[in-house]
A.B. asks: 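For reference, the structure I am asking about is given below.
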Amino acid sequence: MASEQKEEASEILDFVYAKGITEDLLRSEWAKQVQKQTKPLPRQSKNLADKEIQSILVLKEQVSGYEQEIAASED
């Protein structure tokens, strides 16, 4: 079973290398992925939800204003 996995991994690496992707590039991308996935999550703010709701309400008002402008220009 382990030898089958090694053989499969070797075939995949041969395919990747044939496409011009180097081991250095793979390692670099792997390191970026690990760094991105293991960074700490942003802390929750007491007022974060309120700020987001306020942002949504502002956007809704803007959309409403745009809709009115479009309706006025179509008349």
A.B. asks: What distance do Asp14 atom CG and Lys19 atom NZ have between them, rounded to the nearest 0.5 Å?
C.D. replies: 13.0 Å
A.B. asks: List the residues meeting side chain to side chain donor-acceptor pair (under 3.5 Å) with Lys6, not counting sequence neighbours, and say none if there are none.
C.D. replies: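 Lys6 satisfies side chain to side chain donor-acceptor pair (under 3.5 Å) with no other residue.
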A.B. asks: Drop me the distance from Glu23's CD to Leu13's CG, to the nearest 0.5 angstrom.
C.D. replies: 7.5 Å
A.B. asks: Do any N or O atoms from the side chain of Thr38 and from the backbone of Val34 form a donor-acceptor pair under 3.5 angstrom?
C.D. replies: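 Here the side-chain-to-backbone pair exists.
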A.B. asks: Any sub-3.5 Å donor-acceptor pair from Ser64's side-chain atoms to Lys60's backbone N or O?
C.D. replies: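 No; judged by distance alone, with no hydrogens or angles, the pair does not exist.
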A.B. asks: Heavy atoms, side chains only, cut-off 4.5 Å: are Glu4 and Glu8 in contact?
C.D. replies: no
A.B. asks: Other members of the hydrophobic cluster containing Leu57, with the 4.5 Å side-chain heavy-atom rule, please.
C.D. replies: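 Leu57 shares its hydrophobic cluster with Ile53.
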A.B. asks: Search all heavy atoms of Thr22 against all heavy atoms of Tyr17 and return the closest pair with its distance.
C.D. replies: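 Shortest heavy-atom separation between Thr22 and Tyr17 comes out as C-CE2, 4.3 Å.
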A.B. asks: So how far is it from Phe15 CZ to Ser10 OG, rounded to the nearest 0.5 Å?
C.D. replies: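 Going from the CZ atom of Phe15 to the OG atom of Ser10 covers 14.0 Å.
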A.B. asks: Could you work out, with side chain to side chain contact (heavy atoms under 4.5 Å, CB included) as the rule, every residue matching Gln62, not counting sequence neighbours?
C.D. replies: Val58, Leu59, Tyr66
